[in-house]
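In what follows, a single structure is set out as structure tokens and then discussed.
We count ligands from 1, going down the list as the structure has it; atoms in each ligand are counted the same way.
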Amino acid sequence: MEHRLVTYGCLSILGASIAGAAADIHSPGDVATVLGATFAAYVLSDLGTAVYHWAVDNYGDGNTPVFGRQIAAFQGHHQRPWTITQREFCNNVHQVFQPALAPAAAIFALGPFVPLGLHAFMPSFLLLVCMSQQFHAWSHMKKSELPEVVVALQDAGVLIGRKQHGAHHKPNFEGNYSIVSGWWNPLLDNTQFFRWLEHRVVDATGVEPRCWYAPDHEWAEQVQPGQ
Ligand SMILES: [Zn+2]
Ligand SMILES: [Zn+2]
């Protein structure tokens, strides 16, 4: 129940922000601005999820302040990837909608005072980042388990698909971090962007990322019961 309250509460605030931006459209130029901003949010949310996913996969643990729960959840997902497909929608996504509540409220309050493009971009970006938890779950499901529209969007490359995300689930979990469209994965992986970033982190803090080493057996993928 609380999961539903958090999820639909946050969705309503973000929806109200997007509606607010739409209500501010007064010319064909405004339409182009809002569409452009929404598309930019879609493209950049994929990059955002890649950076966030890379960070929580590689640094910290369950005891890390603020992000500990998310870090443990991502590590647990590598061990038991099938459980994400067994969760009901609100149960799955509330983990991201909960920390997004305060930013969503701030975006709603700020919306009327910023330029139209930003008014449309901010809630769209946050919505897509939160929904990536569901896009990710869909990428773990068989096509026969998914609504046709989701399969069509995956096949068209609009949403991350099973094959591309499956490539992430190989030790040492060192690439294919994007989980909205997956558009950024080839660029980030082919340029070795995250290896470069990891070296910058080592230079600055001395901390090495988890993906430089084979996972401890306690973090390795387990076998799904009954398979
Ligand atoms: Zn991961
Ligand atoms: Zn996964």
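Aromatic rings of His140 and His77 (six-membered ring for Trp) have centroids within the 6.0 Å cut-off, being under it. Aromatic pair Trp184/Tyr177: ring centres not closer than 6.0 Å. Aromatic pair Trp212/His199: centroids less than 6.0 angstrom apart.
Follow the hydrophobic side-chain contacts under 4.5 Å out from Val150 and you never reach Ile84; the two are in separate clusters.
The backbone N or O of Pro171 sits nowhere less than 3.5 Å from a side-chain atom of Glu174 that would complete a donor-acceptor pair. In terms of modelled atom types and a separation under 3.5 Å, the side chain of Glu145 and the main chain of Lys142 share a donor-acceptor contact.
Within the protein, the N, O or S atoms sitting under 2.8 Å from the Zn ion (ligand 2) are His77 NE2, His136 NE2, His140 NE2, His165 NE2, His169 NE2.
The nearest N/O/S atom of Asp57 to the Zn ion (ligand 1) is OD2.
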